[in-house]
Amino acid sequence: MPGTTIQSISLYKLLVPLKEPFVISLGPLLAVQNVVVVMRTADGLVGYGECSPFLTINGESVDTCFVVGQYFAPALKGRDALDLAGCLAELDRIIYGNSSIKSAFDIALHDIAARHAGLPLYAFLGGHRHKALHTDMTVSLGPPEKMQADAVRFQQEGFPAIKVKLGGPLHEDVARIRAIRSGIGPTHPLRIDANQGWQTADNAIAVLQALGEFNIEHCEEPILRQHFMELSRVSAASPIPIMADESCGDEHDAARLIQLQACQLLNIKLGKSSGFHRARKIAQLGEAAGLTLQVGGFLESRLGMTAAAHLALSNPAIQHCDFDTPLMFTDDPVEGGFRYGPGGRIDMPTGPGLGATIAEAWLRRAEQVHF
């Protein structure tokens, strides 16, 4: 058996409170409830992965991920960790969907493969450090005066772009953006995310047209993802470029959206795509179609977000980064990983692999299972 045979796999629940509720149109988020995968090979390589399940987006919870991960671990134990395609195909064979927990296993496998190759993960993926990465900072959904105050604070803290959660009635969302623009001025880069909250194409078009005067860079997922066939009509009528998020889970979704000319941008998340294997296919399709790409996430720690940052360095069409959620944690369980620099700059680790681990003290006190 090769030295890269998977010898053990451990699953841990990572639970961290947020500094304050993070509110989007799909509901409030009160705490981090993630699953960490730690995979070890016979020759001593260790790979880490993390997923942040989202009930209303990928239909998973920390509990479902913890259970489904226990289907995956015994199936992968004894396999060659470097057989990425074979290991990931086995996960798809075992169960349909469950993209969040699949992404944690995918990240751990890629961490091992890059460590084995002696390369940073972005280099293993064919990427380079030819571009600087900067994260935006997100304003949670709430009263206009609170959203304005948050946006002003983020501007003062130097974040190069501010992302605003919307998805309410037209007059309320216009009031929110008007308040924010009055606070940060007319030119600071501003992005919006409805998280499907405007629901129908006609309603979304009305809101987007009302927001057209506010110099907004792009809008994420304005309508229900089930209505993706209507997204091209929204894009054609909107003065604001449209980014597909919830409607773009994997490469098959991306291909459909591109064929429909449904949007100008795609948002790639490892937790939606099942990990790097499919996320890279989305990026390749988007690049070939001339779309602008963003890499984002859910409520991953700096471990999961470091994985996302490696993905962002793997394709030149990826221009936007949404890596802010670890800044909302009350505590940081990660050792290594990227660091936040001034102005939202992302300072990447330079060693082999992912370059991030979970502190042993956090793992010891977590609910856990071992194979």
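For the numbers below, each heavy atom of this structure counts, side chains included, while hydrogens, waters and symmetry mates do not. For clarity, every value in this text was computed on a predicted model and none was experimentally measured.
With a 4.5 Å cut-off on side-chain heavy atoms, F214 and I240 do not count as touching. Contact check for D253 versus R225: no side-chain heavy atoms found under the 4.5 Å cut-off. Side-chain contact between H110 and L125 is present, with at least one heavy-atom pair separated by less than 4.5 Å.
The pair D150-K165 does not count as a salt bridge, with every side-chain nitrogen at least 4.0 angstrom from each carboxylate oxygen.
Side-chain contact of S182 with Q148: a donor-acceptor pair under 3.5 Å is present, judged by distance alone. Side-chain atoms of D324 and T138 form a donor-acceptor pair, as typed in the model, at a separation below 3.5 Å. Side chain to side chain, D43 and T41 meet the donor-acceptor criterion of an N or O pair below 3.5 Å. Checking N195 against E246 by side-chain atom types alone, a donor-acceptor pair falls below 3.5 Å.
Applying the side-chain hydrogen bond (donor to acceptor under 3.5 Å, both in side chains) test to pairs two or more places apart or on separate chains, those with a residue in residues 280-290 are E287-N315.
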query: Is there a side-chain hydrogen bond (donor to acceptor under 3.5 Å, both in side chains) between S247 and E221 once you walk through the steps?
result: CA-CA 7 Å; S247 58; E221 207 67 21; 3.0 Å; yes

- request: Start with the C-alpha gap between H320 and H218, add the side-chain angles, then the distance that decides, and say whether ring pair (Phe, Tyr, Trp, His ring centres under 6.0 Å) holds.
  value: CA-CA 11 Å; H320 301 306; H218 57 250; 5.1 Å; yes

query: Going through the distances and angles, do D245 and K272 end up as a salt bridge (Lys or Arg N to Asp or Glu O under 4.0 Å)?
result: CA-CA 9 Å; D245 182 2; K272 288 189 302 171; 2.7 Å; yes

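Ring pair F298/F54 is tilted by interplanar angle, where 30° to 60° counts as tilted.
The one candidate from S99, S52, C65 that meets the side chain to side chain contact (heavy atoms under 4.5 Å, CB included) condition with N58 is S99.
A cation-pi geometry, defined here as NZ or CZ lying under 6.0 Å from the six-membered ring centre and within 45° of its normal, does not hold between R364 and W362.
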